[in-house]
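Working notes for the structure below.
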Amino acid sequence: MKCNIKITKFGVDDPLVQLSDQTRQVRYLQLYLADLYAKSVIEEPQYFDRDYLSEFSAFYSVSSKPYPNTCRRLHFFSTLIDRGLLRRAAGGSPKSVKIMQNSYLGFVVLRPISSAPLGRTVLCWYEEENIQTPRVKDPSRDYHVHIAGIELTINGIAWQQQDTGVAACATVSLWSMLHSSAFDDHHSIPTTTEITRSAHSSHSFGSRVFPSQGLNLWQICDAIKEQELAPLITEGDVKKGNNVFGFSRERFSSTCASFIRSGYPILLIGNLLTVGGHAICVVGFRSSAPVSANSDKPGMAESGTEYLYIHDDNLGPNVRFKISTMPAEIEPSETEETEETEETEETEETEETEETEETEETEEVVVLSASEPKPKTGAEIPSSPTSDYPSFVPTQLIVAAHNNIRTSPDTLNKAGLIKAAELSKLINFLGDKYRLNVSGLIVSSRFIKLAAYFGDELNERLRSNRKVLSRVRLALSEKINPMSLHIGVIRISHDNSTPLLDVLYDTTDSDRNHPVYCHISYSKNITDLVKVIQSAGINEFGKCVEAY
């Protein structure tokens with residue numbers, strides 16, 4: 001059997017074009033790659049994919065249909081690749097290898113499943129054009145691939161299409177989550193088969209494991225715990241009784257930003273309007289312009305976030321979704337609909353009056369709508385894969401975090417807002433006394449490895465003054481009590497995004513205790529203000545480390 005490596009032109013005779021079923025996902029990938037200026041495709045016609053082999057062993061190998069156990073892997077390049085270049089690169093030519101690496105766009109595994117051919121897929125991000133508000137994609141990691149001994153690297157996070165034999169939408173979203181860069185030194189990445197099995201280890205509810213009918217909340221949590229990680233659940237804060245309608249804009253945006261900046265992808269559970277329940281995975285967001293905070297009331301730094309980047313198995317990887325809001329009543333729960341139907345006609349007039357009153361007090365919930373950017377190629381899209389895709393209303397947010405993280409972004413954000421409020425009072429008092437223009441304060445939070453904070457974080461902030469950088473690092477090492485592997489960082493800044501101080505929190509204790517290690521002050525004035533607050537016993541900032 002011949003298994004020669006094939007080289008084809010993208011968009012002409014490449015294997016994606018040749019797929020018999022041009023699904024929404026296939027069309028999305030074609031458009032995404034076109035916007036990356038793909039020109040060539042290298043195909044490995046016989047490729048053993050770890051995830052598919054696991055699926056094959058658990059399900060497809062015992063089907064009466066003779067499924068093969070091999071896949072095809074497609075590699076995409078933004079330059080024209082020919083056999084000569086491939087041959088020279090395979091021979092170790094540094095120049096040829098560099099050409100291939102610099103133009104490498106990623107790969108797509110094609111499974112021998114006609115209804116769901118798109119397996120493990122990792123594609124690079126669009127080139128960043130907006131340096132003022134760049135994408136935040138900390139969960140992305142490096143993937144190393146080999147073609148005839150040529151090693152190539154691509155940075156992204158894996159996506160795949162659900163097959164409903166082994167994996168449904170929640171499973172593949174959870175699978176993408178566990179590819180995060182945050183877990184690189186933690187464990188090997190489980191396959192979709194292993195995730196589905198671990199999800200049924202305690203909560204099968206009598207249902208069969210394969211074919212998979214999807215996972216509920218408790219099964220998702222079990223699957224996370226089986227990977228020796230901790231499931232962190234955040235429920236929507238717009239509620240009526242026990243019914244959760246969704247998230248308020250500020251809470252949703254700030255929580256998502258905290259987790260993504262911490263390197264944790266987010267599994268969102270909610271409803272596709274007009275369709276039903278669905279699960280998607282948030283892998284990045286577009287940072288927002290500095291918030292203009294009220295001088296009397298601090299705000300959250302990422303509350304103005306406009307776009308999330310989402311892995312949706314119904315669409316594809318890195319899909320841009322716009323964050324907006326809608327009235328909570330637009331999507332009532334099934335329970336409320338049933339109750340309203342059963343109510344008698346005798347109370348109809350009363351209900352209409354109550355509905356009118358409630359409408360005036362209606363809360364807004366976050367709704368996410370696929371919003372692809374204008375094609376860079378300038379080509380008209382006759383049938384955009386996102387144009388008729390339903391909007392999504394998230395109701396729950398789940399993150400797989402390290403076991404030693406026992407606090408939540410909600411707790412960090414609340415603590416940050418309280419501290420910022422105390423600082424604002426003093427700043428406003430002094431501003432009034434000395435007739436100064438006073439700007440508002442903004443708060444951001446994240447979890448970060450202690451080593452990463454000592455390393456990249458402090459270096460980025462203080463590299464212009466090596467003496468200060470050295471003094472801060474030594475002070476944190478010698479004068480502060482030993483800190484946990486992961487710390488919580490609250491950053492309080494001016495609304496022009498100038499940092500004033502960082503407060504470092506212990507993540508290994510309970511939310512009720514929530515111990516503070518110390519604070520790093522970037523200004524002598526802030527150091528003095530914090531001393532006033534602490535001496536009055538109003539709030540605890542911990543020991544001061546001066547970074548000026």
Side-chain angles (χ1 to χ4, degrees), residues 254 258 261-262 293 298-301 401-402 404-427 429-430 441-462 465 467-494 497-548:
S254 58
S258 292
R261 287 195 184 278
S262 304
M300 294 305 303
H402 294 86
N404 65 324
I405 294 180
R406 297 169 180 169
T407 190
S408 66
D410 272 350
T411 302
L412 283 179
N413 291 340
K414 288 175 184 176
L417 288 172
I418 291 171
K419 284 176 166 53
E422 296 299 337
L423 280 172
S424 288
K425 288 179 184 177
L426 275 179
I427 293 171
F429 171 76
L430 294 173
L441 300 182
I442 57 173
V443 176
S444 63
S445 70
R446 66 185 297 193
F447 300 113
I448 187 172
K449 273 190 173 180
L450 181 62
Y453 186 82
F454 266 82
D456 292 342
E457 189 71 22
L458 287 177
N459 186 60
E460 182 180 347
R461 183 60 49 200
L462 303 173
N465 191 329
K467 287 185 179 179
V468 172
L469 176 60
S470 173
R471 187 173 70 247
V472 169
R473 284 174 169 170
L474 288 173
L476 287 172
S477 300
E478 297 172 345
K479 298 180 180 179
I480 306 303
N481 290 335
M483 291 185 273
S484 51
L485 176 63
H486 294 86
I487 57 174
V489 180
I490 291 172
R491 175 160 292 167
I492 300 176
S493 310
H494 277 306
S497 75
T498 302
L500 299 177
L501 80 161
D502 289 347
V503 186
L504 309 189
Y505 275 89
D506 183 0
T507 60
T508 62
D509 210 323
S510 67
D511 281 346
R512 183 167 183 170
N513 294 330
H514 209 216
V516 178
Y517 286 122
C518 63
H519 68 278
I520 298 174
S521 174
Y522 298 105
S523 160
K524 175 67 168 60
N525 291 335
I526 291 299
T527 300
D528 293 339
L529 291 178
V530 172
K531 284 181 180 178
V532 171
I533 294 173
Q534 293 206 120
S535 62
I538 300 172
N539 210 309
E540 178 58 43
F541 285 75
K543 291 182 180 179
C544 178
V545 175
E546 297 175 354
Y548 48 86

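Count residues from 1 along the sequence. Note that the coordinates shown come from a computational prediction; the quantities given were computed from them, not determined experimentally.
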Within a strict 4.5 Å, meaning less than it, do heavy atoms of the [X] and [Y] side chains meet?
X      : Y      : value
Tyr517 : Ile487 : yes
Arg473 : Asn459 : yes
Cys544 : His519 : yes
Leu529 : Glu422 : no
Lys479 : Val545 : no
Arg461 : Tyr522 : yes
Asp506 : Asn513 : no
Leu423 : Val530 : yes

For the [atom1] atom of [X] and the [atom2] atom of [Y], what is their distance to the nearest 0.5 Å?
X      : Y      : atom1 : atom2 : result
Ser445 : Met300 : OG    : CE    : 5.5 Å
Leu430 : Asn525 : CG    : CG    : 9.0 Å
Leu441 : Leu417 : CG    : CG    : 10.5 Å
Asn539 : Gln534 : CG    : CD    : 8.0 Å
Ser484 : Leu504 : OG    : CG    : 9.5 Å
Asp528 : Ser523 : CG    : OG    : 8.0 Å

message: So for atom CG, which belongs to Asp456, do other residues, nucleotides or ligands contribute more than 12 heavy atoms lying within a distance under 6.0 Å?
response: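 Open: at most 12 neighbouring heavy atoms sit under 6.0 Å from CG of Asp456.
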- request: For the pair Tyr453 and Arg446, evaluate side chain to side chain contact (heavy atoms under 4.5 Å, CB included) and give the outcome as yes or no after the intermediate values.
  value: CA-CA 11 Å; Tyr453 186 82; Arg446 66 185 297 193; over 6 Å; no
Please report the closest heavy-atom contact between [X] and [Y], naming both atoms and the distance.
X      : Y      : result
Ile492 : Gly416 : CD1-O, 4.1 Å
Val468 : Ala547 : CG1-C, 3.6 Å
Pro515 : Tyr505 : O-CD2, 3.3 Å
Phe447 : Ser408 : CZ-C, 3.9 Å
Ile480 : Cys518 : CD1-CB, 3.7 Å
Ile448 : Ala452 : CG1-CB, 3.8 Å

Positive for side chain to side chain contact (heavy atoms under 4.5 Å, CB included) with Ser258, one of Asn413, Leu412, Asp410, Val489: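 Filter result, single survivor: Asn413.
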query: Among Leu462, Leu476, Leu501, which one satisfies side chain to side chain contact (heavy atoms under 4.5 Å, CB included) with Ile520?
result: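 Only one of Leu462, Leu476, Leu501 forms a side chain to side chain contact (heavy atoms under 4.5 Å, CB included) with Ile520, namely Leu476.
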field: Flag for Thr508-Asn404: side-chain donor and acceptor within less than 3.5 Å
entry: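 Short answer, no.
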- prompt: Without hydrogens or angle criteria, can the side chains of Thr527 and Tyr548 be said to hold a donor-acceptor pair below 3.5 Å?
  reply: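 Their side chains do contain a donor-acceptor pair, which is all the 3.5 Å distance test asks for.
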task: For side chain to side chain contact (heavy atoms under 4.5 Å, CB included), just list the numbers for Lys414 and His514, CA-CA rounded to whole Å, side-chain angles, deciding distance to a tenth of an Å, and then say yes or no.
output: CA-CA 12 Å; Lys414 288 175 184 176; His514 209 216; over 6 Å; no
